[in-house]
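What follows is one structure encoded as structure tokens, with my remarks underneath.
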Protein chains: 2
Amino acid sequence: MESAEQVQQSVRSGRITAAMVAARAGVSTATVSLVANGKTAGRVSEDNIARVRDAISELGYVVDGIGSSLAKGVSSIVILVSPDISNPFFAKVIAGVRESLGADYQLLLSVTPAGEFPQAGDVRKLMALRPAGLLVGAPNAEFLDDLSAAGPVVLLDAPGLEAYAPSVNLDVAHGARQLAAHLADTGHRRVAYVDSVTGTATFAIRRGAFLDEAAAHGIAVEPGHIISTTIDVGASAAAFAAAWPAWQQAGVTAVVCCTDTHAYGVLQEARVAGVQIPDELAIAGFDDLPYSATSNPSLTSVHLPATSLGLKAGGQLRRLIEGHRLEQPQLTLESSLVVRNSTSA
Amino acid sequence: MESAEQVQQSVRSGRITAAMVAARAGVSTATVSLVANGKTAGRVSEDNIARVRDAISELGYVVDGIGSSLAKGVSSIVILVSPDISNPFFAKVIAGVRESLGADYQLLLSVTPAGEFPQAGDVRKLMALRPAGLLVGAPNAEFLDDLSAAGPVVLLDAPGLEAYAPSVNLDVAHGARQLAAHLADTGHRRVAYVDSVTGTATFAIRRGAFLDEAAAHGIAVEPGHIISTTIDVGASAAAFAAAWPAWQQAGVTAVVCCTDTHAYGVLQEARVAGVQIPDELAIAGFDDLPYSATSNPSLTSVHLPATSLGLKAGGQLRRLIEGHRLEQPQLTLESSLVVRNSTSA
DNA sequence: CTGAAAGCGCTTACAG
DNA sequence: CTGAAAGCGCTTACAG
């Protein structure tokens, strides 16, 4: 039982506390806690369970997250950190994460300016929330070195970084190679590449796999024909506009972009410049965003399973948080090329 | 000073606590708290301030968010609730919110299945995190009635709901009227409308303003020519495919969609069906997403200032959280029509 | 099966 | 200007 004054005080604050539930049910707060957390097995009588349940629903009691977190040493918050969180690709990833995490965990997104990772100080502030777990999207080694997070971590789309933590990867190399082969088949011999400034592993692999396979097919991608911009339609459009005259002169007939968002910018600017697509210039991207089917022309893209990525990563993290071992700490999801009109009329 | 055992225990957990800082600086935890929170004015000697600062940086101390929140009664988390959070429109809103909130507050997104508001139970769980404030996007009255949140709240894009809380609105009606006038000018007399299933106020206003102005211009929008889907390219495409034969027979020559995302679906399906755009069918949307300039054909849309919406809303909330009064509790941002090829060849 | 008590890490009157 | 102490709301050994 709690003291009458204590209960009275909580009443005034408007917040329903465990003490109020305890007073109403005629038990201790310890019992309330046990019932509210479903830890009654062999520890609380049926009678008291019913009593407490009734009091909880009558009062509309919800366990206070802050008090609970402090006592447990960890909160129910899962933090998702990614340099690319406002890309529409991530909307689906987030939906997948949310679904697999269920109602017991809250999703906190670390939002940074496009393409940037949070600074060390930001991360520490996030850690001060004592997250139940951490999801890190498309990281680079440097960021992971700085991270030093205690507790469960799962990486998303982090090829080559499996040593740091369990991860769910996308086989972007496969799609990249398909794309190189497709361009070779359609007669391209000089190709430009628009990369991201992020410098994360997934982009390095996309580029590396594409360049390797391109070379194997006799396609030339000169160093001067590789540029980088943030993941932003406008930035990409501007960069392409600046580069195109030289590329055109050098005989470039195709541009591969590391994301569809980049590709939309190139598409936009190429159309403004009156470039014929795909006859004069073929364009392709990665991600296969929902808009790539309706762009003008529709965009050839390496399809990546975003929802599935979120679902799997959330599921793995949840297992980790709940103390299970992962049967498969490394998962890889398939990618594949979707050919549309921007490379093949 | 803290007891040696206490400090020793914290050392073992790996977490740097105020007690450890206090021990190192030779002061009490109260002084550490004052310094860490910048509340030293007239309360801590210069000498001790320097001592504590040194200890903080030497140890890498970060105030524990959970402990701090419990003591203060409120956390540094700002929750953003919106039925439409994975729409690319919201990516910019989120970026704006993040920027105006600054580094002192963490943004927690309540992610629900497309177009749905969180259930009452979900909201209560979020409230148990004791948020510093709440941002509610595109709400309906029912949700706000249920909400009963204590503490600062700012509504985004909530026309007609100004009575509930300070809000930042978009003058969607203005753009909607411009769109109706534009369609009338280009000769359309029978128009269909694709609405959202969400039933939120902003969509009701978009539709209402459009229908009113359309009627004033002699445009007929029959009740049977108004359909609703979730904010999803595929759902919208399917709904349009089902509706189009009847619309075509009835002489419909234009479709207005309540979001660009809906419009992309209509565009996609219309092209598959071989419908000539805009000659046979004009299509327009709301939001002016970045992809609307590159779609095929490019999409006429009512431009809404997403980044600015987030910036203003975050700014208002921050002022509220910090105890200031709002000089202008109601803000309205402009919208305007951007005409592109989907309505005008 | 049950409750009193300690403790999670911090902040804030309070007394000095 | 400073520190001891109470308190935020909960959970968890512990003793019974």
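Below, chains carry the letters A, B, ... as their sequence lines are ordered, and counting in each starts from 1.
- Between Ser28(A) and dG3(C) there is a side-chain N or O to OP1 or OP2 distance below 4.0 Å.
- The distance from atom CZ of Arg51(B) to atom P of dT2(D) is 9 Å, rounded to the nearest whole Å.
- In Gln330(B), the CD atom is crowded: over 12 heavy atoms of neighbouring residues, nucleotides or ligands sit closer than 6.0 Å.
- With both pairing distances under 3.5 Å, dA13(D) is matched to nothing as a Watson-Crick or G-U wobble pair.
- Between Ser69(B) and dC10(C) there is no side-chain polar atom (N or O) within less than 4.0 angstrom of OP1 or OP2.
- If Lys72(B) and Thr40(B) are placed on DNA chain D by their nearest nucleotide, the residue sitting closer to the 5' end is Thr40(B).
- Remark: C1' of dC10(C) and CZ of Arg15(B) are 12 Å apart, rounded to the nearest angstrom.
- Positionally, the nearest nucleotide of DNA chain D for Arg43(B) lies more toward the 5' end than for the other of Arg43(B) and Leu70(B).
- Side-chain atoms of Gln316(B) never come within 3.5 Å of backbone atoms of Leu331(B) as a donor-acceptor pair (strictly under, hydrogens ignored).
- Taking side-chain N and O atoms only, Thr29(B) has no distance below 4.0 Å to OP1 or OP2 of dG3(D).
- dA4(C) is unpaired under the Watson-Crick or G-U wobble criterion, no partner having all donor-acceptor distances under 3.5 Å.
- The distance between atom CG of Leu34(B) and atom C1' of dC10(C), rounded to the nearest whole Å, is 12 Å.
- If you take CE of Met20(A) and P of dC10(D), they are 10 Å apart, rounded to a whole angstrom.
- The distance between atom NZ of Lys39(B) and atom C1' of dT2(D), rounded to the nearest whole Å, is 17 Å.
- Using a 4.0 Å heavy-atom criterion, one finds that Val63(B) contacts the sugar-phosphate atoms exclusively.
- Using modelled atom types and a 3.5 Å distance limit, the side chains of Thr31(A) and Asn48(A) yield no donor-acceptor pair.
- Contact annotation: Asn48(A) does not reach the phosphate of dC1(C) (side-chain N/O to OP1 or OP2, under 4.0 Å).
- Contact between the side-chain N/O atoms of Ser68(A) and the OP1/OP2 oxygens of dT11(D) is found at a separation under 4.0 Å.
- Listed pair Ser33(A) / dT12(D) fails the phosphate criterion, with no side-chain N or O lying under 4.0 Å from OP1 or OP2.
- Between Gly137(A) and Phe90(A), the shortest heavy-atom contact is CA-CZ, 4.4 Å.
- Distance OG/Ser82(A) to CD1/Ile94(A): 8.5 Å, rounded to 0.5 Å.
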